[in-house]
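The structure under discussion appears below in the form of C-alpha cells.
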2 protein chains.
Amino acid sequence: MLSGRASDRAYETLRREILQWRLAPGTVLGEVEQSTRLGISRTPLREALSRLTADGLVEAQSGRGLVVAQVSPAAVSELFELREALETAASALASERRDPGEFARLADDFDGAAALVEQGELEAYYALVERFDDAIDESLGNPYLVGALRGVRTHLQRIRRLSQDDPARLVRAAAEHRTIAEAIRDGDAELARSATRIHLRASLRHIQANPRLEASEPKESA
Amino acid sequence: MLSGRASDRAYETLRREILQWRLAPGTVLGEVEQSTRLGISRTPLREALSRLTADGLVEAQSGRGLVVAQVSPAAVSELFELREALETAASALASERRDPGEFARLADDFDGAAALVEQGELEAYYALVERFDDAIDESLGNPYLVGALRGVRTHLQRIRRLSQDDPARLVRAAAEHRTIAEAIRDGDAELARSATRIHLRASLRHIQANPRLEASEPKESA
DNA sequence: GGGGCCGTCTGTGTATACAAACGGCCCCTT
DNA sequence: AAGGGGCCGTTTGTATACACAGACGGCCCC
C-alpha cells in the first residue's frame, strides 16, 4: 500500500514514530532490531537511518550506535533562533511575491479559527496552519529556503508535543497568524517581518513557560 | 590513510570532486561506474550518494538515476536569499555573544588582507575568511543555525568557481568583512546585520555581473 | 513507410553472507 | 581486593548475489 521502496517506507515510519514520541529521545536504534520490526532487511533500513540522521532526528551516540535525537530546553531555544531567521525572511519575501487573493482568504480563515479551537476542532486548526505554511512556500519559489523551513518545521512537530495543546494560546496564535497573513496580503514586507517575529517570540515563551520536558536520559530499552 | 569507513571516503571524495567542478553539473552518477572507480562496493557508495543528495549536491533525475545537481543563475539568487537570512541573523547574534578579542584580531587581519590579495596570496585570504566563519559559528553556539550555515557555504564553494577570483572585488570584500568584524567586536548587532547585508548584496551583484555560467547540459561522464 | 508491441538488457533496489571493530566480562596477577 | 589483560558476544561495515523495473531497440503488422 505505501509506496514502492522499502527504504522509503522505513524512513516515513520511523520519522512518524519519532515525531509522535512513540520512539522517545535517547532510544537506541539497533539495525537488526528495527529492520526485524519493520519486516525489511538491514540495507534499506540503513538508508532510512542515514536520511533521518541528515534530518537531525537521529544522532550517533559515542560508541553505542544511533539513538533518537535528544530534546532539551536549550535545543528548543536554538531551534527558534534559526526559525526566526528563516521565517521572518520568508514572510518578508512572500509579501513581495504572493498571490493576494490566497492570503486574503487565509486571513479570513484565521479570523474564524478561534471558533474552531473553542469547538475542539484542533485538527482543523492545524490543517489551516499547514495551508498557511504551504502558501508561503509556494510564494517564495525558492527551493533552498523552503528546504530549510521544512527542516525546522520537522523538529517543531516534535517540540509541539512538549506543551500540550493549550486552547487559550492557540486562540492568540490564530490572531497572530491573521496579522501576518494580512501584512503579506497587503505586500507590507516589514510589517510581515515584525508580525512574524512577534508570533515566534510568543510561541517560544509559551513553550518555555510550560515545561513538560521530563529530563530524557539516554535510557536502555527495558 | 583516509579515515576508516569506505562510505566516508567515498562521500568526501565525491563531495570534493563536485565542489571543484571535476564532476560537472548534470553528470550521471551510475552506481556501478562510481563504485568501480573508487574501488569500493555499491553498498557504501549508495550511502555516500544518499548523504550527497541530502546535502543538495546530487539530485534524482526523472528516470535516469542520480546526477550532479545543476547550477543556474536562478539557483544562485535563491541561494543568496537563504544566505542573507541566515548570515544577517548570525552576525547579529554573534555580536551579542562574541569574544571581543577574537573579532578585534579578525578586524585587524582583514585590514591587512588587501595586501595579501594584491600579492596573489589568495589562499591566505580564503583561509582568513574561513577563520572568520569559524569564529562566528563558535560564537553562536547553536548547532541548528551552524548546520544551516554549513549547508549554504557548501553550495557557495561550488558557485565561487563560477566567477574567477577577481582581485579588485576581493579587496572590496575584505573591507566589507572588516566592517562586519568591527561591528561584532563592538557588540553592535544592528550594524553587523546591515554590514552583512551590504556585503552579501555586493557579492551577489558581482557574481551576476560576471556570468561564467556555460549552459551546463546533462552529459555523460567521459 | 510508420507506429505499436514485445523482448532484452542495463541499472537500481533488496536480501544475505561475511568480516572487522567495539564493548563487556571474567579471570588472572600482584 | 583492585587493576589489567585477554576472550567472547554483539553490532556495525562491506561485499556479493539476486530480483525487478524501466529504457532502448528490433520486428511485425497495419
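As the structure is a computational prediction, the values presented were derived from the model and not from experiment. No hydrogens, no waters, no symmetry mates; every other heavy atom, side chains included, goes into these values. Just so it is clear: chains get the letters A, B, ... in the order the sequence lines come, proteins before strands, and each one is counted from 1.
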In the 5'-to-3' direction, what one-character label does each nucleotide of nucleotides 12-18 of chain D receive under the scheme B = base within less than 4.0 Å of a protein heavy atom, S = sugar-phosphate only, - = no such atom? BBBBBB-

Which donor-acceptor pairs under 3.5 Å do the side chains of residues 123-134 of chain A make with protein atoms, sequence neighbours left out?
{"residue": "A:Y126", "atom": "OH", "partner": "A:D165", "partner atom": "OD1", "Å": "2.6"}
{"residue": "A:R131", "atom": "NH2", "partner": "A:D109", "partner atom": "OD2", "Å": "2.2"}

Distance-only check: which donor-acceptor pairs under 3.5 Å involve side-chain atoms of residues 86-100 of chain B, not counting sequence neighbours?
{"residue": "B:T88", "atom": "OG1", "partner": "B:E84", "partner atom": "O", "Å": "2.6"}
{"residue": "B:T88", "atom": "OG1", "partner": "B:A85", "partner atom": "O", "Å": "3.4"}
{"residue": "B:S91", "atom": "OG", "partner": "B:E87", "partner atom": "O", "Å": "3.1"}
{"residue": "B:S91", "atom": "OG", "partner": "B:T196", "partner atom": "OG1", "Å": "2.7"}
{"residue": "B:S95", "atom": "OG", "partner": "B:S91", "partner atom": "O", "Å": "2.8"}
{"residue": "B:R97", "atom": "NH1", "partner": "A:E81", "partner atom": "OE1", "Å": "3.4"}
{"residue": "B:R97", "atom": "NH1", "partner": "A:E81", "partner atom": "OE2", "Å": "3.3"}
{"residue": "B:R97", "atom": "NH1", "partner": "B:L140", "partner atom": "O", "Å": "2.9"}
{"residue": "B:R97", "atom": "NH2", "partner": "A:E81", "partner atom": "OE2", "Å": "2.2"}
{"residue": "B:R98", "atom": "NE", "partner": "B:S95", "partner atom": "O", "Å": "3.3"}
{"residue": "B:R98", "atom": "NH1", "partner": "B:I184", "partner atom": "O", "Å": "3.4"}
{"residue": "B:R98", "atom": "NH1", "partner": "B:R185", "partner atom": "O", "Å": "2.6"}
{"residue": "B:D99", "atom": "OD1", "partner": "B:G101", "partner atom": "N", "Å": "3.2"}

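Contact check on A:R105 versus A:E102 returns a salt bridge, with a Lys/Arg side-chain nitrogen under 4.0 Å from an Asp/Glu carboxylate oxygen. The pair B:R150-B:D55 does not count as a salt bridge, with every side-chain nitrogen at least 4.0 angstrom from each carboxylate oxygen.
Listed by chain and residue number, A:Q208 satisfy the side chain to side chain donor-acceptor pair (under 3.5 Å) test with A:S77 (two or more places apart in sequence, or in another chain).
In B:Q157, the CD atom is crowded: over 12 heavy atoms of neighbouring residues, nucleotides or ligands sit closer than 6.0 Å. Other residues, nucleotides and ligands contribute at most 12 non-hydrogen atoms within 6.0 Å of the CZ atom of B:R22.
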How would DNA chain D look in dot-bracket form, 5' to 3', counting Watson-Crick and G-U wobble pairs with both distances under 3.5 Å and writing | for bases paired to another strand? ||||||||||||||||||||||||||||||

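Pairs engaging residues 142-163 of chain A under the ring-ring contact (aromatic ring centres under 6.0 Å, His included) rule: A:Y144-B:H155, A:H155-B:Y144 [sequence neighbours left out].
A straight line from CG of A:L45 to C1' of C:dG13 spans 15 Å, rounded to a whole angstrom.
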